[in-house]
Amino acid sequence: MIKLKQISKSFGRHQVLKNIDLAVAKGEVVVILGPSGSGKTTLLRCVNYLEKPGGGEIAIGDFKLDCRHARKKDIHQLRQKTAMVFQQYNLFRHKTALENVMEGLLIVKKLPKEEARKKSIALLEKVGLGAKLDAYPSQLSGGQQQRVGIARALALEPEVILFDEPTSALDPELVGEVLAVIRKIAKEGITMIVVTHEMGFARDVANHVVFMDGGVIVEEGTPTEVFNHPREERTKQFLKRITPELNYSI
Ligand SMILES: Nc1ncnc2c1ncn2[C@@H]1O[C@H](COP(=O)(O)OP(=O)(O)OP(=O)(O)O)[C@@H](O)[C@H]1O
Ligand SMILES: [Mg+2]
């Protein structure tokens with residue numbers, strides 16, 4: 001179970017997150033939607049301390065971190081429990097697919113090399129890249145690179161995987177293969193928070209949908225509640241813009 005309590009973040013005088021509360025049950029897939037600049041990426045980055053929140057509390061299972069008084073040790077522990085999949089993949093360019101996945105196992109998990117290698121091969125096979133172990137990122141398509149990114153996140157066996165628009169940098173024909181992999185691991189019961197504009201995916205895979213705007217959670221609920229019966233005007237406007245074929249009465 002992950003609980004965010006009153007998470008806030010400002011850049012200078014601009015308050016980007018305004019006391020965000022969010023609870024995610026174990027095994028749940030939460031999709032976050034919202035217009036550009038609403039704070040989605042910042043929220044994910046706060047959850048694993050790529051961005052230091054201005055205040056609030058992050059709890060994962062029994063572990064609790066008070067953002068105002070977090071020590072290095074706490075942050076290290078939090079990072080062990082979270083993994084992020086980035087929009088731009090963020091792979092090491094000079095390492096092969098296999099080496100990219102092994103890196104975290106060697107450095108963070110401190111596994112012996114042979115064990116790290118075996119585990120990484122199994123994960124790359126799982127994401128359909130068993131034939132690309134020795135390829136460098138430049139020799140892989142965007143969809144393949146992102147699947148390496150997903151294998152790398154899975155390798156760390158985090159309590160939660162954070163996906164920040166994992167398919168938005170991809171050509172349309174490559175989106176499906178990445179979503180299929182995310183769907184597959186969602187079915188295995190891995191807890192996920194996913195920022196995406198893929199509405200079909202959100203409807204199918206999400207247990208819980210959160211709509212953010214202006215640094216606050218405007219509305220949240222099941223996919224049916226948010227997509228079929230949005231209550232808030234801002235949610236209706238947003239959904240209408242991104243899925244014009246749906247007719248929301250506003
Ligand atoms: N490092 C930073 N320094 C200053 N301002 C920032 C920084 N990072 C984000 N912001 C600002 O915070 C706000 C929220 O940004 P964020 O990237 O979280 O939005 P988003 O919802 O992910 O948008 P998008 O859909 O475009 O990815 C924006 O106004 C952005 O300009
Ligand atoms: Mg973003």
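The basis for the numbers below is simple: all heavy atoms, side chains too, and nothing from hydrogens, waters or symmetry mates. First listed ligand is number 1; within each ligand, the first listed atom is number 1.
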Asker: Have Asn228 and Arg203 got a donor and an acceptor in their side chains that come within less than 3.5 Å?
Answerer: yes
Asker: Does the N or O separation between Thr41 and ligand 1 drop below 3.5 Å for any pair?
Answerer: yes
Asker: Which residue owns the protein heavy atom closest to atom 21 (O) of ligand 1, what's the atom, and how far is it?
Answerer: Lys40 NZ, 2.8 Å
Asker: CZ of Arg117: more than 12 outside heavy atoms within 6.0 angstrom?
Answerer: no
Asker: Are Arg147 and Glu177 within salt-bridge range, i.e. N to O under 4.0 Å?
Answerer: yes
Asker: Against the six-membered ring of Tyr49, is Lys52 placed for a cation-pi contact (under 6.0 Å from the centre, within 45° of the normal)?
Answerer: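 Not satisfied by the 6.0 Å and 45° rule.
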Asker: Give the residue and atom name of whichever protein heavy atom lies nearest to atom 13 (C) of ligand 1, and the separation in Å to one decimal.
Answerer: Val16 CG1, 3.6 Å
Asker: Only one of Arg234, Glu233, Met212 forms a side chain to side chain contact (heavy atoms under 4.5 Å, CB included) with Val218, so which one is it?
Answerer: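 It is Arg234, the one option of Arg234, Glu233, Met212 that forms the side chain to side chain contact (heavy atoms under 4.5 Å, CB included) with Val218.
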Asker: Short N/O distance, under 3.5 Å, between Ser38 and ligand 1?
Answerer: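 Yes.
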Asker: Polar-atom distance check: Phe11 versus ligand 1, any N or O pair below 3.5 Å?
Answerer: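 There is no such contact.
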Asker: Which ligand 1 atoms, with their elements, are less than 4.0 angstrom from a heavy-atom of Gly39?
Answerer: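 Answer for ligand 1: 14 (C), 18 (O), 19 (O), 20 (P), 21 (O).
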Asker: Under 4.0 Å from ligand 1, counting heavy atoms only, is it the side chain of Met212, its backbone, both or neither?
Answerer: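 The answer is neither.
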Asker: Using a 6.0 Å cut-off, check whether atom CZ of Arg93 has over 12 heavy atoms from anything other than its own residue.
Answerer: yes
Asker: Taking atom CZ of Arg68 as the centre, does the number of heavy atoms from other residues, nucleotides or ligands within less than 6.0 Å exceed 12?
Answerer: no
Asker: Supply the atom-to-atom distance Glu159 CD to Ile190 CD1, rounded to the nearest 0.5 angstrom.
Answerer: 11.5 Å
Asker: Should we say atom NZ of Lys64 is surrounded by more than 12 heavy atoms from elsewhere, each under 6.0 Å from it?
Answerer: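 12 or below, so no.
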Asker: Could you find the nearest protein heavy atom to atom 27 (O) of ligand 1 and give me its residue, atom name and distance?
Answerer: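 Here the closest protein heavy atom is Glu165 OE2, 3.6 Å.
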Asker: How many angstroms lie between atom OH of Tyr136 and atom NE2 of His94, to the nearest 0.5 angstrom?
Answerer: 9.0 Å
Asker: What protein N/O/S atoms sit under 2.8 Å from the Mg ion (ligand 2), by chain and number?
Answerer: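 Result, waters dropped: Thr41 OG1.
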Asker: From Lys126 NZ over to Leu154 CG, what is the distance, rounded to the nearest 0.5 angstrom?
Answerer: 6.0 Å
Asker: One residue to check: His14. Relative to ligand 1, which of side chain, backbone, both or neither has a non-hydrogen atom less than 4.0 Å away?
Answerer: side chain
Asker: Heavy atom of Gly12 under 4.0 Å from ligand 1?
Answerer: no
Asker: Would you say atom 25 (O) of ligand 1 touches the protein, meaning some protein heavy atom is under 4.0 Å from it?
Answerer: yes
Asker: What residue and atom, counting heavy atoms only, is the protein's closest point to atom 23 (O) of ligand 1, and at what distance?
Answerer: Gly37 N, 2.8 Å
Asker: Under 6.0 Å from the NZ atom of Lys118, do we count more than 12 heavy atoms belonging to anything else shown?
Answerer: no
Asker: Heavy atom under 4.0 Å from ligand 1: found in Thr42's side chain, backbone, both, or neither?
Answerer: both
Asker: Is a donor on one side and an acceptor on the other found under 3.5 Å between the side chain of Ser38 and the backbone of Asp213?
Answerer: no
Asker: Any protein heavy atom sitting closer than 4.0 Å to atom 30 (C) of ligand 1?
Answerer: no
